[in-house]
Structure formats: structure tokens, C-alpha cells
Amino acid sequence: MSKIKPSQGAPYARIMGVGGYRPTRVVPNEVILETIDSSDEWIRSRSGIVTRHWASEEETVAAMSVEAAGKALADAGITAEQVDGVIVSTVSHFKQTPAVATEIADKIGAGRPAAFDISAGCAGFGYGLTLAKGMVVEGSANYVLVIGVERLSDLTDLEDRATAFLFGDGAGAVVVGPAREPAIGPTVWGSEGDKSETIKQTVPWSDYRNAGEVAKFPAITQEGQAVFRWAVFEMAKVAQQALDAAGIAVDDLDVFIPHQANMRIIDSMVKTLKLPEHVTVARDVETTGNTSAASIPLAMERLLATGQAKSGDTALVIGFGAGLVYAATVVTLP
Amino acid sequence: MAATQEEIVTGLADIVNEIAGIPTEDVQLDKSFTDDLDVDSLSMVEVVVAAEERFDVKIPDEDVKNLKTVGDAADYILKHQA
């Protein structure tokens, strides 16, 4: 039998840089209230959301990703030519093939990187990060762009008072590259397909095509109480497992960056995890809304940009959402 | 040993006080969680999870919506506690 030469990767991987893009248009709760019977107070008390960004026609999934990727590359000190892997997580790119990752790779001026899209809802960033780490350590790529990007305003039912206020648009990106020391911990991830009805697209695209104009355009819908319970109590366990797997005690943690689903979920997770006062908690949902796969890198970028967190800090990141799926890990901030 | 209705109401009052800051004496059998005690749908989930732990009972999501008053919750726990 012939012997196959194994690939040679880096000893470890790290996040080298982060970048974000938020669409120009800021949408306050007053605009949401034009189509639902609710109030600013109700929206704030149930979600903590005050404003969100909605993309214009020009701010496409690819265009927002290119902006975020450019910032992440600059932050990492890496050129586009050095990128040999591009992973894009999104549920709101409406052209299924080819993968939008290839268009983004081309537009940023990367050479011929491996480029593909993944679908893992609000856990997409963690899934992408885990794949990127594997690629760098295994040796199939040196520098991988992981992009979470959404135009959830396209999948929002503006007449649904339970979700109309929730979603926002944007892109967040990180560059994952080689490291001498461990800087991305073991990922605790998984899926619970038996709960697929909890967060879902209302109807498949094929139904919409067949029903023509009589059907309402597909939108994301969820069972609020069930999602809240799962997110707060089940995901706190997963977050704790990720800390344990990385050998990090809560006292040694600097930053907590949960998926920015809803401020109430974030507050209750902090309480359930018994995070000490000194831990900085990302609360980007207030002005960005829920941007699914983009929310963690966007929140990370903002914490670093505003000085609330600093390079070298130890951060727990956890994403969770439609599937249901989840991914949690501990990282060193770039 | 299974809790009595009185013990359950006292326990629920502690939980509602802890989660929503409502005085324990306001938590009475006939009070509606949402209308009288200002416990919104998300806080209700926290109340339910705390009650599950305290009374060793499972309250699935589909049953939560039927627990309108403190009395509904106390009866449910009384019937289903281990």
C-alpha cells in the first residue's frame, strides 16, 4: 500500500482580527410601530432593542461582507492574497448557487481560496470558527476568513408583533490564522432537530413559488417562550461546558459574547451562569437588533472598538438558534 | 414529601418576588400572573423553571400558557409533583 503524506498544519489557531459592517439606515422602534400594534416600551422591555440597521438595495450580503472582511484583514495585518479559505454563514442570501463566499473572495481580491457557505442559523459564526480552526491546524489553509452576514429584514414579517422588531442586518468577519499558543478552545456544539419547529422559516420557497402572489413571502417565526427557556437554561449549560472544556473558571473570564438574540436572554444567561461583576457582557442587541450569524463578530468588534474589551482578553462566545443548533467556545480576543 | 397547596403558594410567592420584585403578600391564588402581578411571558418562563426545580415537577412549554393565575400554577404543581 502506498503511503500518503500527511498535511502539516499550525500547532494552534487564533482569531487575528475582526471587522464589522452595519448598514447606513438606522431604524428606531417608531418605524416598527407603523405596522404592528405595540409600543416602544413593550419592545424595549421584551427585547432591549431600541434601534436596528436595515440594509439598502446596494448593501447586499456580498457588499456588506466585503466591507467587514476588509476591516478584519486590516485588523489582522493580513493581505487579501494571503487568504486561502473563506467561510460564509448566512440564512438570508437569496441566491442559492453559487455560494456567495466565492463572490466575496473574488471581490476582496483573494487568489483562489477554498470558499463555501454554511447554514447554521444563529450558531453560524461558531460553526464557521470551528471549521476554520480545523483547517489551520490540519494544514489545509493558513488564513481563513469567517464571515457571518444577514439581511434578516428581508425575512421579517413586519405585521407579526412578536418578531417585527427583532431582526437587523449586518456583517461581521474574523481572520483565523496560525498561533503558537492555544487561543481558540474546544468547541461544544450540537443540534436538536426534534425542536426544528421552534424557530423556522414560515414556508419553503417552493410553496411560495407554487402559491404565487396569494402567499405571504417567507419569514422567520419563533415560539418565544420555548426559545427563551431553551436559550437561557439549556444554553447556559452549554456555555459552562465550553468553559470547562477550555479549563477556564468564570473568575478568569474577561468577556462574555453571547449571540445577540434578545437582551432578556442575555441578562438571564448572565444570572444563570453566575458570571462575576468584572466580566464584560456584550449588549450590542440594543442598537443592532438580532443579526443571527453576524451578531457575535459584530458585538466583538464593537467591544474592542469602544475599549470595553481589549486584545488578549479571554472571551466566552456562544451562538444558538434555528435547528435548533448551538456552538460555544472560549477565545482569546484579537 | 409532596408540598401542600399552602407551601406551593408560599414557594411561588418567593419565586415571583425574586424574579419580578412583586411583594410576596400580593401573590394570592386568584391573582393573574400577567394582569395582576406584572409577570410578562418571558418572566413567566423563569418562574416556571424556578418552580420546576423547587417542587421537583416538569412543566412543559405547551402547558405554561394554561397557567394564568397563581391558583392554576399551584393546582398544576400539586397534581404533577413527584
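The structure displayed is predicted, hence computed values, not measured ones. Lettering of chains follows the sequences in order, A, B, ..., and the numbering in each one begins at 1.
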- prompt: Which is it for A/S92 and A/E150 under the side chain to side chain donor-acceptor pair (under 3.5 Å) test, yes or no, and what are the steps along the way?
  reply: CA-CA 5 Å; A/S92 46; A/E150 301 292 359; 2.4 Å; yes

Using atom types as modelled and no hydrogens or angles, find all donor-acceptor pairs between chain A and chain B shorter than 3.5 Å.
{"unit_1": "A/R46", "atom_1": "NE", "unit_2": "B/D40", "atom_2": "OD2", "d": "3.4"}
{"unit_1": "A/Q225", "atom_1": "NE2", "unit_2": "B/S41", "atom_2": "O", "d": "3.0"}
{"unit_1": "A/R229", "atom_1": "NH1", "unit_2": "B/I59", "atom_2": "O", "d": "3.0"}
{"unit_1": "A/R229", "atom_1": "NH2", "unit_2": "B/E52", "atom_2": "OE2", "d": "2.7"}
{"unit_1": "A/R229", "atom_1": "NH2", "unit_2": "B/I59", "atom_2": "O", "d": "2.7"}
{"unit_1": "A/R264", "atom_1": "NH1", "unit_2": "B/D40", "atom_2": "OD2", "d": "2.8"}
{"unit_1": "A/R264", "atom_1": "NH2", "unit_2": "B/D40", "atom_2": "OD1", "d": "2.8"}
{"unit_1": "A/R264", "atom_1": "NH2", "unit_2": "B/D40", "atom_2": "OD2", "d": "3.3"}
{"unit_1": "A/R264", "atom_1": "NH2", "unit_2": "B/S43", "atom_2": "OG", "d": "3.0"}
{"unit_1": "A/S268", "atom_1": "OG", "unit_2": "B/E46", "atom_2": "OE2", "d": "2.9"}

- Task: Please check if the side chain of A/T35 supplies one atom and the backbone of A/I32 the other of a donor-acceptor pair under 3.5 Å.
- Result: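 Yes.
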
* Chi angles and distances behind the side chain to side chain donor-acceptor pair (under 3.5 Å) call for A/T287, A/R22 -> CA-CA 10 Å; A/T287 54; A/R22 291 173 172 79; 5.7 Å; no

Non-neighbouring partners of A/Y127 that pass ring-ring contact (aromatic ring centres under 6.0 Å, His included), sequence neighbours left out:
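Partners of A/Y127 by the ring-ring contact (aromatic ring centres under 6.0 Å, His included) criterion, ordered by chain and then number, come out as A/W189.
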
Exercise for the section: Go through the structure and list residues passing side chain to side chain contact (heavy atoms under 4.5 Å, CB included) with A/P218, not counting sequence neighbours. Expected result: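 For A/P218, the residues satisfying side chain to side chain contact (heavy atoms under 4.5 Å, CB included) (neighbours in sequence not counted) are A/Q201, A/T202, A/V203, A/W205, A/Y208.
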
Residue pairs passing the ring pair (Phe, Tyr, Trp, His ring centres under 6.0 Å) test with at least one member in residues 26-50 of chain B, sequence neighbours excluded, are none

